[in-house]
Amino acid sequence: MKIYKAKDYADMSRKAANIISAQIIMKPECVLGLATGSTPVGLYKQLVEWYKKGDLDFSAVKTINLDEYKGLSQDNDQSYYYFMHDNLFNHVDINEENVHIPTVSNDHLEDDCKTYNDMLNKVTIDLQLLGIGGNGHIGFNEPGTDFNSKTHYVDLKESTIKDNARLFFNGDEDAVPKQAISMGIQNIMDAKSVVLIACGKNKEDAVKGMIEGPVTPELPASVLQNHKDVTVIIDKAAAALLEKEY
Ligand code: F6R
(Lines give C-alpha, C1' and ligand atoms only; values in the text may rest on other atoms or scores of the structure.)
Protein backbone atom coordinates (compact mmCIF):
# COMPACT_ATOMS: atom_id res chain seq x y z
CA MET A 1 0.00 0.00 0.00
CA LYS A 2 1.20 3.49 -0.82
CA ILE A 3 -0.05 5.91 1.80
CA TYR A 4 -0.21 9.66 1.29
CA LYS A 5 -1.18 12.04 4.04
CA ALA A 6 -3.03 15.06 2.74
CA LYS A 7 -3.00 18.46 4.45
CA ASP A 8 -6.77 18.73 4.38
CA TYR A 9 -9.89 17.74 2.41
CA ALA A 10 -9.02 19.96 -0.57
CA ASP A 11 -5.51 18.50 -0.76
CA MET A 12 -6.86 14.93 -0.52
CA SER A 13 -9.36 15.65 -3.30
CA ARG A 14 -6.73 17.21 -5.57
CA LYS A 15 -4.25 14.37 -5.07
CA ALA A 16 -6.88 11.74 -5.89
CA ALA A 17 -8.14 13.76 -8.87
CA ASN A 18 -4.57 13.92 -10.17
CA ILE A 19 -4.26 10.13 -10.10
CA ILE A 20 -7.61 9.67 -11.87
CA SER A 21 -6.69 12.32 -14.46
CA ALA A 22 -3.38 10.59 -15.15
CA GLN A 23 -5.28 7.34 -15.70
CA ILE A 24 -7.64 9.02 -18.20
CA ILE A 25 -4.79 10.74 -20.03
CA MET A 26 -2.68 7.59 -20.26
CA LYS A 27 -5.61 5.43 -21.35
CA PRO A 28 -8.54 7.47 -22.72
CA GLU A 29 -10.74 4.36 -23.00
CA CYS A 30 -10.04 3.29 -19.40
CA VAL A 31 -12.59 1.67 -17.10
CA LEU A 32 -13.06 3.58 -13.85
CA GLY A 33 -14.77 2.02 -10.85
CA LEU A 34 -16.50 4.87 -9.01
CA ALA A 35 -17.79 5.53 -5.52
CA THR A 36 -20.41 7.87 -4.12
CA GLY A 37 -20.68 9.36 -0.62
CA SER A 38 -19.49 12.64 0.83
CA THR A 39 -15.76 11.94 0.51
CA PRO A 40 -15.39 12.03 -3.31
CA VAL A 41 -17.50 15.16 -3.86
CA GLY A 42 -14.44 17.46 -3.93
CA LEU A 43 -12.56 15.09 -6.22
CA TYR A 44 -15.42 15.02 -8.74
CA LYS A 45 -15.62 18.82 -8.58
CA GLN A 46 -11.92 19.01 -9.39
CA LEU A 47 -12.28 16.63 -12.35
CA VAL A 48 -15.15 18.74 -13.71
CA GLU A 49 -13.01 21.87 -13.36
CA TRP A 50 -10.13 20.31 -15.29
CA TYR A 51 -12.57 19.02 -17.94
CA LYS A 52 -13.96 22.54 -18.39
CA LYS A 53 -10.43 23.90 -18.80
CA GLY A 54 -9.95 21.40 -21.64
CA ASP A 55 -7.48 19.19 -19.79
CA LEU A 56 -9.63 16.04 -19.65
CA ASP A 57 -11.68 14.07 -22.15
CA PHE A 58 -14.25 11.57 -20.86
CA SER A 59 -15.69 10.64 -24.26
CA ALA A 60 -14.16 7.15 -24.30
CA VAL A 61 -14.10 6.53 -20.52
CA LYS A 62 -16.26 3.73 -19.12
CA THR A 63 -17.50 3.89 -15.54
CA ILE A 64 -18.82 1.23 -13.20
CA ASN A 65 -20.29 2.27 -9.88
CA LEU A 66 -19.91 0.26 -6.72
CA ASP A 67 -23.42 0.24 -5.41
CA GLU A 68 -27.00 1.50 -5.32
CA TYR A 69 -29.81 1.57 -2.78
CA LYS A 70 -32.89 -0.53 -3.14
CA GLY A 71 -36.16 1.31 -3.61
CA LEU A 72 -34.96 4.71 -4.82
CA SER A 73 -35.81 5.74 -8.35
CA GLN A 74 -33.14 7.31 -10.57
CA ASP A 75 -34.68 10.75 -10.14
CA ASN A 76 -34.65 10.49 -6.35
CA ASP A 77 -31.92 12.90 -5.28
CA GLN A 78 -30.66 10.40 -2.68
CA SER A 79 -30.07 7.66 -5.26
CA TYR A 80 -26.51 7.01 -6.33
CA TYR A 81 -27.64 7.30 -9.96
CA TYR A 82 -28.70 10.88 -9.23
CA PHE A 83 -25.55 11.59 -7.20
CA MET A 84 -23.21 10.51 -10.00
CA HIS A 85 -25.04 12.56 -12.64
CA ASP A 86 -25.30 15.58 -10.38
CA ASN A 87 -21.65 15.52 -9.29
CA LEU A 88 -19.90 14.31 -12.43
CA PHE A 89 -21.66 12.86 -15.46
CA ASN A 90 -23.91 15.85 -16.26
CA HIS A 91 -20.88 18.13 -16.41
CA VAL A 92 -18.49 16.18 -18.64
CA ASP A 93 -18.61 14.61 -22.12
CA ILE A 94 -19.12 11.05 -20.91
CA ASN A 95 -21.19 8.81 -23.16
CA GLU A 96 -24.24 7.66 -21.16
CA GLU A 97 -23.88 4.20 -22.75
CA ASN A 98 -20.54 3.89 -20.99
CA VAL A 99 -22.03 4.54 -17.55
CA HIS A 100 -22.90 1.55 -15.35
CA ILE A 101 -24.74 1.87 -12.06
CA PRO A 102 -26.60 -1.09 -10.54
CA THR A 103 -30.28 -1.09 -11.43
CA VAL A 104 -32.32 -2.18 -8.46
CA SER A 105 -35.82 -3.47 -9.08
CA ASN A 106 -37.70 -4.09 -5.87
CA ASP A 107 -38.66 -7.68 -6.57
CA HIS A 108 -35.76 -9.20 -8.49
CA LEU A 109 -32.63 -8.38 -6.53
CA GLU A 110 -30.97 -11.73 -7.38
CA ASP A 111 -31.49 -11.11 -11.11
CA ASP A 112 -30.23 -7.53 -10.78
CA CYS A 113 -27.06 -8.80 -9.08
CA LYS A 114 -26.49 -11.42 -11.78
CA THR A 115 -26.93 -8.86 -14.58
CA TYR A 116 -24.42 -6.50 -12.98
CA ASN A 117 -21.95 -9.25 -12.25
CA ASP A 118 -22.18 -10.61 -15.83
CA MET A 119 -21.31 -7.11 -17.04
CA LEU A 120 -18.37 -6.95 -14.60
CA ASN A 121 -17.08 -10.32 -15.77
CA LYS A 122 -16.64 -8.92 -19.27
CA VAL A 123 -14.41 -5.97 -18.30
CA THR A 124 -11.35 -5.19 -16.21
CA ILE A 125 -11.50 -2.11 -14.05
CA ASP A 126 -8.31 -0.10 -14.52
CA LEU A 127 -8.75 2.07 -11.46
CA GLN A 128 -11.22 1.53 -8.64
CA LEU A 129 -12.00 4.54 -6.45
CA LEU A 130 -13.14 3.71 -2.92
CA GLY A 131 -14.25 5.49 0.23
CA ILE A 132 -14.38 3.65 3.53
CA GLY A 133 -17.22 3.31 6.01
CA GLY A 134 -16.71 4.07 9.70
CA ASN A 135 -17.10 0.32 10.23
CA GLY A 136 -14.50 -0.50 7.57
CA HIS A 137 -16.89 -1.31 4.74
CA ILE A 138 -15.88 -0.84 1.10
CA GLY A 139 -18.71 -0.54 -1.39
CA PHE A 140 -21.56 -1.77 0.75
CA ASN A 141 -19.57 -4.82 1.81
CA GLU A 142 -20.32 -4.71 5.50
CA PRO A 143 -18.23 -6.40 8.23
CA GLY A 144 -18.46 -10.17 7.90
CA THR A 145 -18.73 -10.18 4.08
CA ASP A 146 -16.88 -13.05 2.41
CA PHE A 147 -13.69 -11.94 0.64
CA ASN A 148 -14.79 -14.08 -2.35
CA SER A 149 -18.09 -12.24 -2.70
CA LYS A 150 -19.30 -11.04 -6.11
CA THR A 151 -22.14 -8.58 -6.75
CA HIS A 152 -24.72 -9.21 -4.06
CA TYR A 153 -27.54 -7.56 -2.18
CA VAL A 154 -26.90 -6.38 1.30
CA ASP A 155 -28.80 -5.72 4.49
CA LEU A 156 -27.17 -2.50 5.64
CA LYS A 157 -25.80 -2.40 9.18
CA GLU A 158 -27.31 -0.06 11.72
CA SER A 159 -24.06 1.94 11.83
CA THR A 160 -24.15 2.51 8.05
CA ILE A 161 -27.81 3.56 8.15
CA LYS A 162 -26.93 6.06 10.92
CA ASP A 163 -23.90 7.44 9.05
CA ASN A 164 -25.77 7.85 5.80
CA ALA A 165 -28.81 9.40 7.46
CA ARG A 166 -26.52 12.03 8.95
CA LEU A 167 -24.96 12.84 5.60
CA PHE A 168 -27.70 12.40 3.07
CA PHE A 169 -31.16 11.94 4.46
CA ASN A 170 -31.43 15.05 6.66
CA GLY A 171 -30.78 12.86 9.66
CA ASP A 172 -33.90 10.78 9.06
CA GLU A 173 -32.82 7.15 9.62
CA ASP A 174 -36.24 5.85 8.59
CA ALA A 175 -35.73 7.37 5.13
CA VAL A 176 -32.50 5.42 4.51
CA PRO A 177 -33.16 2.24 2.50
CA LYS A 178 -32.26 -0.85 4.50
CA GLN A 179 -30.97 -2.79 1.50
CA ALA A 180 -28.62 -2.12 -1.37
CA ILE A 181 -26.81 -3.86 -4.19
CA SER A 182 -23.04 -3.80 -4.05
CA MET A 183 -20.14 -5.07 -6.07
CA GLY A 184 -18.50 -7.81 -4.02
CA ILE A 185 -15.07 -7.76 -2.44
CA GLN A 186 -13.73 -10.08 -5.13
CA ASN A 187 -14.96 -7.68 -7.86
CA ILE A 188 -13.07 -4.86 -6.13
CA MET A 189 -9.92 -6.95 -5.73
CA ASP A 190 -10.03 -7.78 -9.47
CA ALA A 191 -9.40 -4.09 -10.33
CA LYS A 192 -5.89 -3.40 -11.64
CA SER A 193 -5.41 -0.54 -9.20
CA VAL A 194 -7.29 0.91 -6.24
CA VAL A 195 -7.35 4.46 -4.86
CA LEU A 196 -9.00 4.83 -1.45
CA ILE A 197 -9.74 8.23 0.06
CA ALA A 198 -10.75 8.97 3.64
CA CYS A 199 -11.07 12.06 5.77
CA GLY A 200 -12.29 13.01 9.21
CA LYS A 201 -12.03 11.64 12.72
CA ASN A 202 -14.94 9.23 12.27
CA LYS A 203 -12.72 7.23 9.87
CA GLU A 204 -9.66 6.96 12.16
CA ASP A 205 -10.48 3.47 13.54
CA ALA A 206 -11.36 2.06 10.12
CA VAL A 207 -8.21 3.53 8.55
CA LYS A 208 -6.02 2.15 11.34
CA GLY A 209 -7.57 -1.31 10.92
CA MET A 210 -7.27 -1.20 7.14
CA ILE A 211 -3.55 -0.34 7.18
CA GLU A 212 -2.13 -1.74 10.41
CA GLY A 213 -4.69 -4.29 11.58
CA PRO A 214 -5.02 -7.97 10.73
CA VAL A 215 -6.61 -8.89 7.41
CA THR A 216 -10.10 -9.92 8.48
CA PRO A 217 -13.64 -9.93 7.08
CA GLU A 218 -14.59 -8.08 10.28
CA LEU A 219 -12.90 -5.04 8.72
CA PRO A 220 -13.53 -5.49 4.98
CA ALA A 221 -11.09 -2.76 3.84
CA SER A 222 -8.21 -4.72 5.42
CA VAL A 223 -8.40 -7.07 2.41
CA LEU A 224 -6.70 -4.30 0.43
CA GLN A 225 -3.44 -5.25 2.17
CA ASN A 226 -3.52 -8.24 -0.22
CA HIS A 227 -3.91 -6.11 -3.38
CA LYS A 228 -0.74 -5.31 -5.31
CA ASP A 229 -1.57 -1.73 -6.33
CA VAL A 230 -3.38 0.32 -3.69
CA THR A 231 -2.97 4.03 -3.04
CA VAL A 232 -4.51 5.44 0.13
CA ILE A 233 -4.95 9.21 0.50
CA ILE A 234 -6.03 10.38 3.95
CA ASP A 235 -6.23 13.63 5.82
CA LYS A 236 -4.62 14.17 9.23
CA ALA A 237 -7.75 13.35 11.22
CA ALA A 238 -8.29 10.02 9.48
CA ALA A 239 -4.57 9.19 9.94
CA ALA A 240 -4.52 10.06 13.65
CA LEU A 241 -4.29 6.50 15.03
CA LEU A 242 -1.61 5.20 12.66
CA GLU A 243 1.43 4.11 14.63
CA LYS A 244 4.03 3.89 11.88
CA GLU A 245 5.40 6.79 9.83
CA TYR A 246 4.31 6.78 6.19
C1 F6R B 1 -20.27 4.59 -1.75
C2 F6R B 1 -19.70 3.45 -1.02
C3 F6R B 1 -19.38 3.53 0.42
C4 F6R B 1 -18.75 4.85 0.85
C5 F6R B 1 -18.49 4.86 2.35
C6 F6R B 1 -17.96 6.19 2.82
O7 F6R B 1 -20.48 4.25 -3.11
O8 F6R B 1 -19.54 2.43 -1.62
O9 F6R B 1 -18.50 2.47 0.75
O10 F6R B 1 -17.56 5.04 0.14
O11 F6R B 1 -19.67 4.58 3.03
O12 F6R B 1 -18.96 7.15 2.65
P13 F6R B 1 -18.68 8.69 2.91
O14 F6R B 1 -17.73 9.13 1.85
O15 F6R B 1 -20.02 9.34 2.75
O16 F6R B 1 -18.11 8.80 4.28
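Counting starts at 1 for both ligands and their atoms, following the listed order.
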Q. Less than 4.5 Å apart, any side-chain heavy atom of Asp57 and any of Tyr51?
A. no
Q) Salt-bridged, Asp229 to Lys2, with N to O below 4.0 Å? A) yes
Q | Residues forming a side chain to side chain donor-acceptor pair (under 3.5 Å) with Gln74, sequence neighbours excluded | A | none
**Q.** Proximal protein residues to ligand 1, non-hydrogen atoms under 4.0 angstrom
**A.** Ala35, Thr36, Gly37, Ser38, Thr39, Leu66, Asp67, Gly131, Ile132, Gly133, His137, Gly139, Leu167, Lys203
Q: Give me the one residue out of Thr160, Ile132, Leu130, Asp163 that meets side chain to side chain contact (heavy atoms under 4.5 Å, CB included) with His137.
A: Thr160
Q: Answer yes or no: is there a donor N or O on one side and an acceptor on the other, between the side chain of Glu212 and the main chain of Lys244, under 3.5 Å?
A: yes
Q. Distance-only, no hydrogens or angles: does the Asn76 side chain make a donor-acceptor pair with backbone N or O of Gln78 under 3.5 Å?
A. yes
